[in-house]
Amino acid sequence: IAASITQYSRGGLLTAFLSGLLYGALVVAQYAGGFGLGPRDAAELALPPLRFALYTLGLNLFGLFAVALLSAYLAEGQRRADARLQRASNQIADLQAFNQHIIDSLISGLATADAGGRLLSFNRAAQEITGLSLADAIGREIGDVLQFPPHVLEGLKSTVGTGGRYRAEFGFRRPDGNAIELGFSTAPFVTPAGPSGYVITFQDVTEAKKREREARAQQRLAAVGEMAAGIAHEIRNPLASMSGSMQVLRQELPLSDEQAQLMDIVLRESERLNDTIRSFLAYARPQRREASRVDLRGVLTDTATLLRNSAELRDGHEVTVHAPDEPVWYFADEHQIRQIVWNLATNGLRAMMSGGRLSLSVEAKTSPGAAEPGAVLRVEDQGVGIPPTELDGIFQPFKGAFSRGSGLGLAIVHRIVTDYGGAIDVRSQPGLGTTMEIYLPGRAPAITALAEERNTALV
């Protein structure tokens with residue numbers, strides 16, 4: 001039996017054979033006078049008759065081989081069962097690993113919670129989106145982990161027991177302090193025993209919501225701008241006539257001091273209105289670009305020089321320029337690039353009412369798939385900053401926060417950068433300052449070849 005358990009059928013039969021052989025040899029030796037026994041000693045042993053001895057020998061040999069075969073059969077059955085169990089365990093482990101790989105490969109956050117709302121699982125994407133580890137999430141209330149607002153908690157509770165689905169979007173603050181927007185949806189976690197919890201999926205929709213807001217703003221502004229540009233143009237013509245007429249009258253008519261003062265007010269306000277209309281037309285009407293290779297370092301240096309000698313500079317202001325030693329070439333309309341830097345820089349000076357440092361910097365940046373590198377312009381100030389609730393609307397027309405200006409400076413910057421296919425990243429903290437980072441992508445190979453052909457034709 002022991003040999004069958006350890007060595008299966010082969011070991012059991014071999015042991016039975018050796019046992020039978022040894023037993024038979026012992027019997028034969030007893031009857032043949034072996035083991036040093038003489039005939040007289042053998043007679044004194046009172047051995048049974050030979051026929052009975054053979055019968056006993058055969059019965060024992062049969063018992064040995066029967067036990068060996070039975071135990072070998074049972075051991076083989078156990079071995080096959082163990083093999084099947086091992087294969088099943090391996091298949092279950094492979095299936096679990098496969099399912100885990102699928103869950104961890106999802107780009108959406110996936111979590112499960114029990115009926116009480118405590119998290120049971122939290123996949124890799126969920127950890128990356130929220131910045132939380134498994135130890136920070138597993139076992140905690142889902143509302144505490146994902147920072148559900150009250151209306152989301154109420155909506156989630158309304159689906160308990162109904163098997164319904166719920167979807168919402170809300171703000172989330174990561175442990176590193178960055179605020180993002182989550183798109184969140186739940187579905188019942190159904191088992192054979194019925195609903196036993198929730199399956200939660202969520203995504204970081206910050207960029208998608210930002211693009212959606214920008215698209216809506218672009219559509220709205222395109223419609224309004226097309227109409228308003230025509231109206232502004234029609235207003236500008238009679239305004240110029242009125243301003244010219246007032247100047248002629250002021251020179252030809254004898255006016256008292258009060259009348260001259262009123263006349264100056266009219267002329268000054270007419271000029272201010274004309275500047276506003278001019279800025280609006282520059283924003284609303286597509287500009288013709290005369291593109292050429294521009295060294296962005298020179299643009300920043302010239303702008304800094306103008307700022308140091310402008311009326312915007314006050315006591316306590318400092319304007320610095322940070323640029324690499326090598327030229328930073330970019331193919332663009334130089335006037336538009338200067339307009340971007342000037343508008344952002346003047347806003348930075350106006351935001352530093354009590355003084356501070358304004359930093360202008362530029363660096364080349366490689367663009368994937370582009371024939372020429374792009375560039376990054378950066379304007380940093382130490383001013384009052386922008387509240388988070390107002391960041392999304394700073395590029396809207398007439399949203400200026402300063403008493404001076406038309407409120408179109410940032411809108412024009414956004415329009416120019418968008419026309420170049422670039423992007424603007426705004427980082428601001430109230431009371432600490434604002435950083436405006438302009439990314440201008442490099443030109444595609446087809447555009448580069450077209451530009452070179454045009455330059456060759458002009459030469």
Backbone N or O of [Y] within a donor-acceptor pair of the [X] side chain at under 3.5 Å?
X: D295; Y: W329; result: no
X: N123; Y: S108; result: yes
X: E363; Y: V376; result: no
X: R314; Y: R350; result: no

Point-to-point distance, once rounded to the nearest 0.5 Å, from [atom1] of [X] to [atom2] of [Y]:
X: D204; Y: I107; atom1: CG; atom2: CD1; answer: 11.5 Å
X: I340; Y: I412; atom1: CD1; atom2: CD1; answer: 11.0 Å
X: S185; Y: E169; atom1: OG; atom2: CD; answer: 10.5 Å
X: R79; Y: E76; atom1: CZ; atom2: CD; answer: 4.5 Å
X: M352; Y: Q382; atom1: CE; atom2: CD; answer: 7.0 Å
X: F202; Y: L110; atom1: CZ; atom2: CG; answer: 8.5 Å

Please examine the side chains of [Y] and [X], heavy atoms only from C-beta on, and report whether any two atoms are closer than 4.5 Å.
X: F172; Y: T130; answer: yes
X: I200; Y: L146; answer: yes
X: R118; Y: R140; answer: no
X: L440; Y: I337; answer: yes
X: H317; Y: L358; answer: no
X: M436; Y: L410; answer: yes
X: D381; Y: L349; answer: no
X: S121; Y: L134; answer: no

What closest approach, in Å, do [X] and [Y] show between heavy atoms, and which atom pair accounts for it?
X: V145; Y: F122; value: CG1-CZ, 4.2 Å
X: T305; Y: N309; value: O-ND2, 2.7 Å
X: P430; Y: P388; value: CG-CD, 4.2 Å
X: S428; Y: I386; value: OG-N, 2.7 Å
X: A304; Y: V319; value: CB-CG1, 3.8 Å
X: R297; Y: E326; value: CD-O, 3.3 Å

Exercise for the section: Take I180 and I129, measure what side-chain contact (heavy atoms from CB on, under 4.5 Å) needs, and give me the verdict at the end. Expected result: CA-CA 9 Å; I180 62 175; I129 292 172; 4.1 Å; yes
Completion exercise
Taken in chain and number order and not counting sequence neighbours, the residues that satisfy side-chain contact (heavy atoms from CB on, under 4.5 Å) with P175 are L132
Handout entry: Derivation of the side-chain contact (heavy atoms from CB on, under 4.5 Å) call for I438 and L344
Key = CA-CA 10 Å; I438 311 297; L344 295 180; 3.9 Å; yes
Neighbour count >12 (heavy atoms, 6.0 Å) for atom [atom1], [X]:
X: R378; atom1: CZ; value: yes
X: H322; atom1: NE2; value: yes
X: R10; atom1: CZ; value: no
X: E212; atom1: CD; value: yes
X: D176; atom1: CG; value: yes
X: L85; atom1: CG; value: yes

Handout entry: Polar side chain donor-acceptor pair, D82 to Q86, under 3.5 angstrom
Key = no
Exercise for the section: Answer with yes or no whether the side chains of S133 and D136 bring together a donor and an acceptor at under 3.5 Å. Expected result: yes
Exercise for the section: Measure the acute angle between the ring planes of F148 and F170, then classify it against the limits of 30° and 60° as parallel, tilted or perpendicular. Expected result: perpendicular
Problem - R338 and E334 ion-paired at < 4.0 Å - result: yes
Problem - Lys/Arg-Asp/Glu bridge criterion (N-O < 4.0 Å) met for E181, K210 - result: no
Practice task
Identify, with sequence neighbours excluded, every residue that meets side chain to side chain donor-acceptor pair (under 3.5 Å) alongside E380.
Solution key: none
Exercise for the section: Starting from the C-alpha separation in whole Å, work towards a yes-or-no answer on side-chain contact (heavy atoms from CB on, under 4.5 Å) for L313 and L307. Expected result: CA-CA 7 Å; L313 196 74; L307 288 171; 5.6 Å; no
Practice task
Evaluate the criterion side-chain contact (heavy atoms from CB on, under 4.5 Å) for residue pair Y420 and D333; output intermediate values, then yes/no.
Solution key: CA-CA 10 Å; Y420 279 95; D333 185 332; 3.5 Å; yes
